[in-house]
2 protein chains.
Amino acid sequence: MSTDPEIESSNLSQFLGFRLTRVKIRVHKVLLARLAPYELSSMEFSVLMLAGSNPGAYLRQLSSALDVSPPNLVSVVERMVRRNLLVRLPGTQDRRLQELHLTETGQALLKQAKADVERFENALEQSLTAVERRHIDSALRKLAAFQLDG
Amino acid sequence: MSTDPEIESSNLSQFLGFRLTRVKIRVHKVLLARLAPYELSSMEFSVLMLAGSNPGAYLRQLSSALDVSPPNLVSVVERMVRRNLLVRLPGTQDRRLQELHLTETGQALLKQAKADVERFENALEQSLTAVERRHIDSALRKLAAFQLDG
DNA sequence: TATTGTTATACTCTATAACTATA
DNA sequence: TATAGTTATAGAGTATAACAATA
């Protein structure tokens with residue numbers, strides 16, 4: 001066994017920014033474990049979700065909705081096309097555009113993965129009290145809009 | 001200008017895990033902008049903070065406190081030693097250990113950067129109501145302890 | 001045999017410049 | 001000229017195996 005006395009880190013963990021990072025990492029890891037059976041990254045799951053509720057969306061639209069640059073989204077879409085989850089259909093009017101649609105395989109995988117993620121999300125929310133849920137919602141909304149200026 | 005109508009993403013943003021990620025990214029970016037003048041990454045700032053309040057701490061201890069693997073922390077410490085912010089003193093009893101201490105330069109930089117981060121943190125917390133602050137605290141604590149099982 | 005710090009390596013994410021084909 | 005998608009590339013961040021020195 002290791003001689004590993006814990007050091008004092010309360011001055012760091014008092015920071016909301018620090019705790020947010022830690023919580024995000026932990027929650028994200030659990031989510032990834034949930035998605036692992038489907039061989040989906042969280043980004044791929046997000047693309048499945050958005051393509052599912054926005055048939056014919058363009059890569060550029062997913063890019064701005066997900067806050068990922070187009071170059072970085074291309075390889076994600078590419079892999080999903082190769083797995084036959086997505087198809088790229090040439091735009092009818094503007095031939096620069098490609099409409100993204102879920103295949104039947106993609107729809108089936110989305111249905112399964114989404115059910116698992118929803119179970120995970122329910123467990124996550126059930127770990128909080130009703131009043132905590134109410135306030136973390138508004139708090140996160142405000143923090144997401146936080147700007148550098150003060 | 002771009003023809004970029006927003007797509008429907010409420011089914012995704014209803015997920016607490018998704019919103020946590022977005023908030024973390026946004027808050028982290030603002031923090032990085034605050035640290036940029038000092039040429040500090042958030043990891044380097046964390047090391048400064050921990051080394052400041054734990055003089056003589058070992059790399060292994062910082063590693064477990066920060067949840068970074070020892071190999072990945074070595075290069076961070078290395079860079080800070082090169083910048084004369086940290087020194088590695090050979091352990092007196094166990095010669096495998098190296099005590100990490102802030103130099104005077106490191107202490108001065110910590111003082112400045114910490115003041116800026118604290119201003120940032122205050123602004124962050126002031127953007128929330130008192131009741132939101134109270135509940136996000138306990139909520140984040142519970143979420144950080146969330147385990148995969150349900 | 002186990003542990004500290006280290007080297008090497010690889011893989012994911014992210015960021016940016018520049019290309020092509022269309023408009 | 002501007003935009004959509006793409007290619008190429010570089011930089012973080014992270015994860016793992018293995019090594020030397022020491023216990």
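In the text below, chain A, chain B and the rest are named by the order of the sequence lines, each starting its count at 1.
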Acceptor/donor pairs from residues 71-78 of chain A side chains to any protein atom, 3.5 angstrom cut, sequence neighbours excluded:
residue, atom, partner, partner atom, Å
A/Asn72, ND2, A/Ser69, OG, 3.0
A/Glu78, OE1, A/Arg88, NH1, 3.3
A/Glu78, OE1, A/Arg88, NH2, 3.0

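Comparing the start and finish of the helix from C/dT1-D/dA23 to C/dA23-D/dT1, five pairs each, the helix axis swings through 10°, to the nearest 10 degrees.
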Contact state string [nucleotides 10-21 of chain D, B base, S sugar-phosphate only, - no protein heavy atom under 4.0 Å]: ----BBBB---B

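Here A/Arg141 pairs with A/Asp137, A/Ser138 under the side-chain contact (heavy atoms from CB on, under 4.5 Å) rule; sequence neighbours left out. For A/Gln112, the side-chain contact (heavy atoms from CB on, under 4.5 Å) criterion is met by A/Tyr38, A/Leu109, not counting sequence neighbours. With sequence neighbours excluded, no residue satisfies side-chain hydrogen bond (donor to acceptor under 3.5 Å, both in side chains) with B/Ser127. Qualifying salt bridge (charged side-chain N to carboxylate O under 4.0 Å, His left out) partners for A/Glu99, counting only residues two or more places apart in sequence or in other chains: none. Annotation: side-chain hydrogen bond (donor to acceptor under 3.5 Å, both in side chains) contacts of B/Thr129 (sequence neighbours excluded): B/Glu132. Remark: A/Ser9 pairs with B/Leu50 by the side-chain contact (heavy atoms from CB on, under 4.5 Å) rule, at least two apart or across chains. Considering only residues two or more places apart in sequence or on other chains, B/Asp94 meets the side-chain contact (heavy atoms from CB on, under 4.5 Å) condition with B/Arg96, B/Leu97.
The aromatic rings of B/His135 and A/His135 sit parallel to each other, their planes meeting at less than 30°, with 60° as the upper class boundary.
Counting only residues at least two apart or in different chains, salt bridge (Lys or Arg N to Asp or Glu O under 4.0 Å) contacts with residues 36-54 of chain A comprise A/Glu44-A/Arg79.
Residues from residues 83-95 of chain A with heavy atoms under 4.0 angstrom of DNA chain C, sorted by number: A/Gln93, A/Asp94, A/Arg95.
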